[in-house]
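Notes follow the structure.
Not measured: the values here are computed from a predicted model.
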Amino acid sequence: MSSNSFSPSEFCYNLRLNFMQAEQPRGSITTSLVIAGRDFDPGALSHVAGREPTEVWRQRLDALKNDPRFPQVEWVYELVRRPHWSIDDAISEMLNLFEERREHIVAFAQQHGLSLHLRLGLHGDETVIIYGIEGLTIERLSAFRCSLSFWVDDDPTEMVGVSLSGDDLVFLCNTIAETWGAVGLSETAFLARTGETFEQSGEIDARLRRRLTASERHYCRSEEARTPLPIPMRLDELRLLAGSIRETLGAVAERDLETRTGETPEHAKEILRRLETTVDGQMPRQDNGTMAESLTVLLSPADLAFLFHARENALRADGHTPATFQSGIEKTAIHADAILVRLGDLLRPRGWRAPFPFSLPLAELRFFVRTISETLAIVEERQFRARVGVTPERAEEILSRFKRILRESERD
């Protein structure tokens with residue numbers, strides 16, 4: 001065998017590189033060399049490095065100026081959004097600029113107790129950037145005594161506008177939980193399927209929840225949402241909802257109640273008294289073994305939204321939802337519950353969870369393309385709406401829209 005033979009993985013890697021070198025890279029990488037310490041002269045370092053920095057950063061927080069754990073000065077040299085096919089190319093480009101002065105830079109860093117760090121911002125996923133580093137490049141990083149970190153698509157300018165309903169946001173959160181459960185809570189498998197870690201996906205989930213909560217709060221504060229309406233309800237429904245409020249008031253601290261349900265403890269107790277008064281004044285009539293008596297109670301859409309969240313909290317407390325995963329991922333609603341379905345049907349025609357526009361990073365759009373695809377593959381059609389809150393048709397519609405936005409962004 002020739003001494004120039006490659007292993008199968010090396011052969012595929014080099015073949016792909018040779019093919020891609022025939023055209024302009026579609027991905028770009030921002031590379032920053034950061035040399036940090038507590039007390040050194042950035043001008044002297046510039047002389048040693050043979051280059052002027054892009055930026056010199058100095059600690060401005062008084063509380064940290066005397067803390068030895070934090071640097072006080074950073075000398076930064078940055079290459080912004082350079083077209084690259086691979087992480088290895090970007091690292092090599094930066095190291096090549098300082099290779100001739102490497103020994104002097106390392107000596108200066110040792111003398112002044114400085115750290116060298118290479119920070120890469122990846123503007124593109126693994127379909128346009130090879131997430132790989134050659135062994136020789138790792139050795140070169142070691143020779144520079146340089147650490148390495150990455151951030152992916154964290155550029156605030158790379159945002160896209162989407163319009164989704166509150167139910168759509170709940171569905172997106174549930175796709176994270178479904179995908180998480182499908183991989184057996186294995187972070188390695190989850191990362192391979194979605195491109196995000198548990199921690200990152202938890203942060204995405206939390207942001208969507210906050211956006212949903214803000215939208216619902218805005219709706220519930222409107223004059224229309226605060227106007228009482230005659231709502232027909234059966235006695236068994238009223239009893240169940242009153243019990244849900246009592247259970248929520250007992251389980252949730254008063255300081256947390258408005259965050260969890262949208263209403264203050266005082267107003268929650270007032271709604272409870274209203275339901276209890278209506279129930280106590282009636283004698284139930286049996287009809288085929290069920291509570292068939294229908295009554296009219298005055299409730300505003302904001303009251304109904306509170307009852308929806310009180311019922312959710314009661315079901316959670318009774319163990320009707322999957323266990324909360326690490327990083328805060330959980331199902332955000334129990335969609336098969338008859339009372340939740342009933343309250344949702346009463347609220348939606350009145351504007352609750354109506355579509356609204358907001359911005360989403362392209363990286364998160366790619367993430368949701370993967371979680372939606374996984375959810376469509378693993379959840380049976382007959383269980384789909386009960387499991388994740390929307391129909392399979394709606395899920396396919398959202399998936400198609402996200403894919404179209406991504407294709408258009410790549411053409412731009």
N/O donor-acceptor pair under 3.5 Å between [X] side chain and [Y] backbone:
X	Y	answer
Asp89	His84	no
Thr54	Glu78	yes
Glu237	Arg234	yes
Ser222	His218	no
Arg101	Val48	yes
Ser215	Arg211	no
Asn96	Ser92	yes
Arg350	Ser300	no

> Are Phe98 and Tyr77 near enough that their ring centres are under 6.0 Å apart?
Replying inline: yes
>> Suppose we call two aromatic rings close when their centres sit under 6.0 Å apart. Are Trp352 and Phe308 close by that rule?
In response: yes
Could you pull out the closest heavy-atom pair between [X] and [Y], with the gap in Å?
X	Y	value
Glu364	Leu360	OE1-CD1, 3.4 Å
Trp57	Pro71	CZ3-O, 3.7 Å
Phe40	Ile35	CZ-O, 3.8 Å
Thr248	Ala314	OG1-N, 4.1 Å
Ala395	Leu376	CB-CD2, 3.9 Å
Pro42	Arg58	CG-NH2, 3.7 Å

Would you give the length of the straight line joining atom [atom1] of [X] to atom [atom2] of [Y], rounded to the nearest 0.5 angstrom?
X	Y	atom1	atom2	result
Asp345	Leu304	CG	CG	11.5 Å
Arg119	Thr30	CZ	OG1	10.0 Å
Ile87	Thr137	CD1	OG1	11.0 Å
Leu45	Trp75	CG	CH2	5.5 Å
Arg239	Asp280	CZ	CG	8.0 Å
Glu216	Thr261	CD	OG1	11.0 Å

Please say whether more than 12 non-hydrogen atoms of neighbouring residues, nucleotides or ligands are located less than 6.0 Å from [atom1] in [X].
X	atom1	answer
Asp39	CG	no
Glu381	CD	no
Arg207	CZ	yes

For residues [X] and [Y], determine if any side-chain heavy atom of one lies less than 4.5 Å from a side-chain heavy atom of the other.
X	Y	answer
Leu122	Tyr131	yes
Pro301	Tyr219	yes
Asn313	Ser244	no
Leu298	Ile231	no
Leu164	Leu172	yes
Arg348	Asp167	yes
Ile29	Phe150	no
Leu241	Met233	yes

>> Arg82 vs Thr31, test: side-chain contact (heavy atoms from CB on, under 4.5 Å). Steps then yes/no.
In response: CA-CA 8 Å; Arg82 308 275 283 201; Thr31 311; 5.9 Å; no
>> Trp180 vs Asp205, test: side-chain contact (heavy atoms from CB on, under 4.5 Å). Steps then yes/no.
In response: CA-CA 12 Å; Trp180 210 332; Asp205 179 270; over 6 Å; no
> Can you list every pair that meets salt bridge (charged side-chain N to carboxylate O under 4.0 Å, His left out) and has a residue in residues 255-268, with sequence neighbours left out?
Replying inline: Arg226-Glu263
>> Could you walk me through whether Arg274 and Asp303 satisfy the salt bridge (Lys or Arg N to Asp or Glu O under 4.0 Å) test, starting with their C-alpha distance in whole Å, then the side-chain angles of each, then the deciding distance to 0.1 Å, before giving a yes or no?
In response: CA-CA 11 Å; Arg274 208 184 314 162; Asp303 295 337; 3.2 Å; yes
For a quick check under 3.5 Å, do [X] and [Y] share a side-chain donor-acceptor pair by atom type?
X	Y	answer
Asp168	Ser165	yes
Thr197	Gln200	yes
Thr371	Thr175	yes

>> As a quick check of understanding, evaluate salt bridge (Lys or Arg N to Asp or Glu O under 4.0 Å) for Glu397 and Arg394, giving each step before the final call.
In response: CA-CA 5 Å; Glu397 182 184 335; Arg394 178 59 179 166; 2.8 Å; yes
>> With side-chain contact (heavy atoms from CB on, under 4.5 Å) as the criterion, how do Leu191 and Phe198 come out once you've worked through the C-alpha distance, each side chain's angles and the decisive distance to 0.1 Å?
In response: CA-CA 8 Å; Leu191 181 62; Phe198 280 174; over 6 Å; no
> Can Arg140 and Glu99 be said to form a salt bridge (Lys or Arg N to Asp or Glu O under 4.0 Å), step by step?
Replying inline: CA-CA 9 Å; Arg140 293 184 67 193; Glu99 183 62 41; 3.1 Å; yes
>> Before you tell me yes or no, could you show the steps for Glu276 and Arg246 under salt bridge (Lys or Arg N to Asp or Glu O under 4.0 Å), namely the whole-Å CA-CA distance, both residues' side-chain angles and the distance that decides it to 0.1 Å?
In response: CA-CA 11 Å; Glu276 288 178 333; Arg246 284 192 291 269; 2.7 Å; yes
> What do the steps show when you test Phe190 against Ile176 for side-chain contact (heavy atoms from CB on, under 4.5 Å), and what is the final call?
Replying inline: CA-CA 10 Å; Phe190 187 83; Ile176 302 175; 4.3 Å; yes
